[in-house]
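Residue numbering restarts at 1 for every chain, and letters A, B, ... go by the order of the sequence lines. Predicted model only: the values in this text are computed from it and were never measured. Hydrogens, waters and symmetry mates play no part in the numbers below; they use all other heavy atoms, side chains included.
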2 protein chains.
Amino acid sequence: MREFYTITELTREFDISTRTLRFYEDEGLIAPVRRGRTRLFRPSDRVLIKQIMRGKRLGFSIAEIREIIQMYKTPPGEAGQLHTIVEKVEEKRAELRQKRKDIEETLAELDAVEEACVNRLAEMRVAS
Amino acid sequence: MREFYTITELTREFDISTRTLRFYEDEGLIAPVRRGRTRLFRPSDRVLIKQIMRGKRLGFSIAEIREIIQMYKTPPGEAGQLHTIVEKVEEKRAELRQKRKDIEETLAELDAVEEACVNRLAEMRVAS
DNA sequence: GACAACTCTTACGTAAAAGTCAATTATAAT
DNA sequence: ATTATAATTGACTTTTACGTAAGAGTTGTC
């Protein structure tokens with residue numbers, strides 16, 4: 001595994017702009033190290049970017065993505081904190097299950113649309 | 001089934017504002033009938049709003065939601081149009097499958113987080 | 001050594017999706 | 001009749017998530 005990635009390497013891999021990566025740094029989602037002023041992204045930053053993109057595809061806001069990422073960094077905190085995290089995890093899971101349900105429903109409706117189209121096309125071929 | 005719903009009834013049911021529903025009308029997503037100036041929402045409008053909210057939860061933009069809704073209104077068009085629709089349906093399905101994959105991955109990671117928390121809590125109880 | 005390619009910071013601009021506020025107008029209830 | 005309650009349009013504002021442009025420094029290479 002490579003030690004570092006440049007910013008443009010990552011913009012190409014994830015098809016995003018440098019502005020976007022700098023914005024995510026401003027937002028505290030990633031924290032690449034520096035050589036002088038130049039950012040050097042470690043594999044762990046790359047993983048974070050993957051998680052960010054996944055969050056974006058699911059329609060989560062930056063704030064929500066930040067929350068999710070924070071959960072991954074579970075600190076070995078005290079009991080109360082751990083309970084809070086477990087609760088937050090359960091909340092997010094509920095949201096995700098809702099989204100999954102929404103997806104299944106939409107997929108089913110699209111299946112119906114396609115079937116209707118195909119049937120219509122079949123009719124047209126018979127009629128001609 | 002009721003014939004009409006008022007705008008506030010629907011804002012309460014879906015937990016959105018009147019501004020939002022009027023915005024969706026401006027955007028051409030819904031087209032409630034009028035009695036005088038007052039909007040009257042039919043059951044079909046209610047179904048549309050449900051679909052819009054589903055799209056929103058999945059992170060689709062208004063433009064994308066409009067596209068999806070258009071697909072549902074499959075007109076008995078000519079063959080070329082039907083093929084175009086089938087293609088669009090397939091595109092959306094690919095997107096939805098990607099989202100579903102993203103959800104499964106995120107759920108798995110959250111499972112891991114919870115397990116780590118629970119284990120940590122168990123350790124703490126043993127140590128005390 | 002100059003040209004390209006890449007990097008940086010700072011700052012203003014913008015599109016989407018509403019929120020908010022103002023000024024009216026109906027409808028309903030007491 | 002009046003007093004809420006709900007509805008309307010129109011306009012301005014806000015938030016999010018970047019885009020874009022300016023100006024400058026760095027690295028590589030022909």
note = Note: for A/Arg19 and B/Ser61 on DNA chain C, the residue whose nearest nucleotide lies more 5' is A/Arg19

ask   = Considering residues at least two apart in sequence or located in another chain, which fulfil the salt bridge (charged side-chain N to carboxylate O under 4.0 Å, His left out) criterion with A/Glu9?
value = A/Arg2

query = Where along residues 21-50 of chain A does a heavy atom come under 4.0 Å from DNA chain C, residue by residue in number order?
reply = A/Arg22, A/Arg34, A/Arg37, A/Thr38, A/Arg39

message = Is it the case that the side chain of A/Arg100 and the backbone of B/Ile103 share a donor-acceptor pair, with hydrogens and angles ignored and the cut-off at 3.5 Å?
response = no

inquiry  = Please list all pairs meeting salt bridge (charged side-chain N to carboxylate O under 4.0 Å, His left out) that have one or both residues in residues 112-122 of chain A, counting only residues at least two apart or in different chains.
reply    = A/Glu114-B/Arg93, A/Arg120-A/Glu123

task = Could you pull out all residues at least two apart from B/Asp45 that satisfy side-chain hydrogen bond (donor to acceptor under 3.5 Å, both in side chains)?
result = B/Arg42

remark   = Sorted by chain and residue number, the side-chain hydrogen bond (donor to acceptor under 3.5 Å, both in side chains) partners of B/Gln70 (sequence neighbours excluded) come out as none

inquiry  = Checking B/Glu64 now: which residues fulfil side-chain contact (heavy atoms from CB on, under 4.5 Å) with it, not counting sequence neighbours?
reply    = B/Phe60, B/Ser61, B/Lys92, B/Glu95

note = Those residues at least two apart in sequence (or on a different chain) that pass side-chain hydrogen bond (donor to acceptor under 3.5 Å, both in side chains) with B/Arg34 are B/Glu25

note = Residues joined to A/Met124 in its hydrophobic cluster, side chain to side chain under 4.5 Å directly or through other members, sorted by chain and number, are A/Leu121, B/Leu82

inquiry  = At a heavy-atom distance below 4.0 Å, which nucleotide of DNA chain D is the first touched by chain B, and which is the last?
reply    = D/dA6 to D/dA11

query = Near DNA chain D, which residues from residues 6-18 of chain B have a heavy atom under 4.0 Å away?
reply = B/Thr6, B/Ile7, B/Thr8

Donor-acceptor pairs are to be reported for all side-chain atoms of residues 14-21 of chain B against protein atoms at under 3.5 Å, with residues two or more places apart or in another chain.
unit_1: B/Ser17; atom_1: OG; unit_2: B/Arg19; atom_2: N; d: 3.4
unit_1: B/Ser17; atom_1: OG; unit_2: B/Thr20; atom_2: N; d: 3.1
unit_1: B/Ser17; atom_1: OG; unit_2: B/Thr20; atom_2: OG1; d: 2.9
unit_1: B/Thr18; atom_1: OG1; unit_2: B/Arg22; atom_2: NH1; d: 3.3

task = With sequence neighbours left out, write down each residue that passes side-chain hydrogen bond (donor to acceptor under 3.5 Å, both in side chains) with A/Lys99, or none if nothing qualifies.
result = none

